[in-house]
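All figures in this text were calculated on a predicted structure; none of them were measured in a lab. FYI, side chains are in, hydrogens and waters are out, and symmetry mates aren't considered; it's all heavy atoms of this structure. Chain A is the first sequence line, chain B the second, and so forth, proteins listed ahead of strands; every chain is numbered from 1.
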Protein chains: 2
Amino acid sequence: MDNQDLRKAGLKVTLPRLKILEILERAPARHVSAEDVYRTLLESGEDVGLATVYRVLTQFETAGLVKRQNFEGGHSVFELDQGEHHDHLVCVKCGRIDEFVDKTIEERQAKIAANAGFEMTDHSLNIYGICPTCQKKK
Amino acid sequence: MDNQDLRKAGLKVTLPRLKILEILERAPARHVSAEDVYRTLLESGEDVGLATVYRVLTQFETAGLVKRQNFEGGHSVFELDQGEHHDHLVCVKCGRIDEFVDKTIEERQAKIAANAGFEMTDHSLNIYGICPTCQKKK
DNA sequence: ATGTATGCAAAACATTTGCACCTGG
DNA sequence: CCAGGTGCAAATGTTTTGCATACAT
């Protein structure tokens, strides 16, 4: 089935692309960095270059298969794009990432952009904090 | 007056620090990158290293004098911290940055963090789009 | 004087790109 | 076969760091 997605995006079905797609699908955290993907590939004995990981992830993003999130410190994570937009709650201690959607916020954002005369292309809302687990550990 | 702010932060009052503070105060765009500050310094004939610009800006951030915003592409901008929190509207064409505050959004964010059991430490909301000026230029 | 600050050059990251070789359709 | 894909190494852009020197107090 994934082969179809790749072909539709005009991408050849190659081993690296399939493997990376698989890793994204199985990632327990859903949000993984390019480095994470690369490490996982090496662990499974695949001989894929980090450059390819970046190239493939970028192509996937262009194809709409994947979403890229830029967090603080010039560090990005990728997640499978499952259609529904959402924002992120990021734990600054353990890196855990929760997702949420808030219709009210979405609406206000659209209104703010419109008021300012901006044609909104995208938006990112990240709430940083300490997750329940890390609070207990303290 | 600024000398006081520096001293209070435990920083010696040095020429580079004063100059950088001055540039931040006079920046027409309010939001400047380290590179911007560096270039402005060179233009005014000051002999300051880029490393110092980064060091000073980081110290200013720690001291609460300055806010750092991380935008997409591992690129950061700095602005004088004037107390009132605000979010950003960023033009993806010309880089123009507008500020806004929306009480409703702030409240919802706090609620979302609380519901998830997160102790919120910070949050960043950036709306990306095309500003009115760039729309006309099209 | 003495502990900080600074400039410079080198290092550290995260990401991208050039290029010769490989591979899917 | 041949365009597109890949690995590797080198380049990039941004930010940080090591170190010897210079400065504020």
Student: Applying a 4.0 Å non-hydrogen cut-off, can you work out what Arg17(A) is touching in the nucleic acid: base, sugar-phosphate, or nothing?
Tutor: sugar-phosphate
Student: Is the shortest side-chain N/O distance from Arg7(B) to OP1 or OP2 of dT25(D) below 4.0 Å?
Tutor: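 So the side-chain polar atoms of Arg7(B) do come within 4.0 Å of the phosphate oxygens OP1 or OP2 of dT25(D), strictly under.
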Student: If each of Leu15(B) and Thr14(A) is mapped to the nucleotide of DNA chain D with the nearest heavy atom, which maps nearer the 5' terminus, i.e. the 5' end?
Tutor: Thr14(A)
Student: Between Arg30(A) and Glu99(A), is there a salt bridge with N-O shorter than 4.0 Å?
Tutor: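 Salt bridge: yes.
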Student: Run the salt-bridge test on Glu35(B) and Arg39(B) with the 4.0 Å N-O cut-off and return the result as yes or no.
Tutor: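 Between Arg39(B) and Glu35(B) there is no salt bridge, as every charged N stays at least 4.0 Å from the carboxylate O atoms.
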Student: Indicate whether OP1 or OP2 belonging to dT16(D) is found under 4.0 Å from a side-chain N or O atom of Tyr54(B).
Tutor: no
Student: What nucleotide, of dT16(C), dT15(D), dA9(C), holds the atom closest to the side chain of Ala51(B)?
Tutor: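 Looking only at heavy atoms from C-beta outward on Ala51(B), the closest nucleotide is dA9(C).
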Student: Kindly give the heavy-atom pair with the smallest separation between Cys131(A) and Cys94(A), and that separation in Å.
Tutor: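 Taking Cys131(A) first and Cys94(A) second, the nearest heavy atoms are SG-SG, 3.8 Å.
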Student: Check this one for me: any side-chain N or O of Ser76(A) less than 4.0 Å away from OP1 or OP2 of dT15(C)?
Tutor: yes
Student: Which heavy-atom pair separates Thr58(B) from Tyr54(B) by the least distance, and what is that distance?
Tutor: OG1-O, 2.7 Å
Student: Any base atoms under 4.0 Å from Leu50(B), or only sugar-phosphate, or nothing? Heavy atoms, all strands.
Tutor: base
Student: Considering only side-chain heavy atoms of Lys12(B), which listed nucleotide, dG7(C), dT25(D), dG7(D), is closest?
Tutor: dT25(D)
